[in-house]
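Everything on this sheet refers to the single structure shown next.
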Amino acid sequence: MRRRQSHHLQLDLFPFLSILACTIGTLILLVVVISASSLGRERTNVQILARENAQNAERTPRYLECRREGVIMHPQKVLVPKADLDKPTSTLAILLANLRRQSDREYIIIAVRPDGFDCFEEVRYQAERAGVALGYEPFNAEWELCVPAPGRSNCP
């Protein structure tokens, strides 16, 4: 009589599961790193539009941006430092003098950053003293101001 010999084959899945766990962990780490880096760079371009029915509808807007360090004049992106805002020879004073002469054709729109409110108060005082019409909008710190090119109504 022959005996039946049973040969049980055992398959050890530990190496396969170990490699699979490492691969999944690496992929999760990669997703987290890519997501975090893309969130840090994301900025939104925002354009301040004049209202169609506003009293300044016939005028062309000139854009200013009030920040902690001073006023940025767009589209040239010229910075007028906060310390120079009240000087009669500053770029802002020259702009306001030109706008006073062209008050029937141009006015100012001011984007006010959260850290630029002190600067905005000075600019508003200077503009009102010069008799220049102005409008203003609060502007989020993460937004990028988009100013249309001369002769265009919208940004690209």
Side-chain angles (χ1 to χ4, degrees), residues 17-156:
L17 294 175
S18 171
I19 293 171
L20 186 62
C22 289
T23 303
I24 291 172
T26 304
L27 290 175
I28 289 172
L29 180 64
L30 188 62
V31 166
V32 168
V33 169
I34 290 173
S35 298
S37 67
S38 69
L39 288 177
R41 290 183 302 206
E42 189 172 318
R43 293 198 74 149
T44 303
N45 288 336
V46 177
Q47 179 181 355
I48 300 174
L49 296 174
R51 295 185 183 145
E52 294 293 325
N53 60 355
Q55 65 185 20
N56 294 322
E58 302 297 321
R59 300 178 187 173
T60 304
R62 299 289 297 264
Y63 294 93
L64 301 178
E65 182 180 355
C66 289
R67 295 177 170 258
R68 177 186 312 126
E69 60 272 7
V71 176
I72 299 175
M73 299 169 57
H74 290 276
Q76 302 87 359
K77 296 191 178 182
V78 174
L79 174 67
V80 180
K82 192 174 180 180
D84 295 346
L85 290 179
D86 58 349
K87 293 183 180 176
T89 57
S90 73
T91 312
L92 178 65
I94 294 168
L95 173 69
L96 292 175
N98 290 337
L99 289 175
R100 183 177 7 166
R101 288 190 291 274
Q102 300 177 18
S103 62
D104 59 332
R105 290 178 276 161
E106 292 184 312
Y107 71 105
I108 297 173
I109 294 181
I110 304 171
V112 185
R113 299 282 184 177
D115 61 355
F117 192 74
D118 293 337
C119 180
F120 165 69
E121 287 181 326
E122 179 64 30
V123 171
R124 185 175 70 179
Y125 171 75
Q126 297 282 340
E128 288 174 352
R129 194 175 70 176
V132 175
L134 64 97
Y136 51 90
E137 288 288 331
F139 217 68
N140 195 327
E142 290 82 32
W143 294 347
E144 186 71 32
L145 179 60
C146 178
V147 176
R152 295 189 65 180
S153 60
N154 291 330
C155 292

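The first residue in the sequence is number 1, and the count goes up from there.
Note that CG of Leu92 and CD1 of Ile108 are 7.0 Å apart. Values are rounded to the nearest 0.5 Å. To the nearest 0.5 Å, atom CD1 of residue Ile24 and atom CG of residue Leu29 are 14.0 Å apart. Distance CZ/Phe120 to CG/Leu64: 10.5 Å, rounded to 0.5 Å. Interatomic distance, CD of Glu65 versus CZ of Arg113, reported as 4.0 Å (0.5 Å rounding). Residue Ile94 holds its CD1 atom at 12.0 Å from CG of Leu99, rounded to the nearest 0.5 Å.
Across Asn140 and Pro114, no two heavy atoms sit closer than the pair C-CD, 4.3 Å. Here the closest heavy-atom approach between residue Cys66 and residue Gly116 is recorded as CB-O, 3.6 Å.
Residues satisfying the side chain to side chain contact (heavy atoms under 4.5 Å, CB included) test with Leu27, not counting sequence neighbours, are Thr23. Under the salt bridge (Lys or Arg N to Asp or Glu O under 4.0 Å) criterion, Arg124 pairs with no residue, sequence neighbours left out. Under the rule for a side chain to side chain contact (heavy atoms under 4.5 Å, CB included), the partners of Leu79 that lie at least two apart in sequence or sit in another chain are Glu69, Ile72.
Applying the side-chain hydrogen bond (donor to acceptor under 3.5 Å, both in side chains) rule to pairs touching residues 77-88 yields Asp84-Lys87, sequence neighbours excluded. Screening residues 94-106 for salt bridge (Lys or Arg N to Asp or Glu O under 4.0 Å), with sequence neighbours left out, gives Arg62-Glu106.
Between Cys119 and Val71, the closest side-chain pair of non-hydrogen atoms falls below 4.5 Å.
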Distance-only criterion, 3.5 Å: show the donor-acceptor pairs between side-chain atoms of residues 128-135 and protein atoms not counting sequence neighbours.
unit_1, atom_1, unit_2, atom_2, d
Arg129, NH2, Gln126, OE1, 3.2

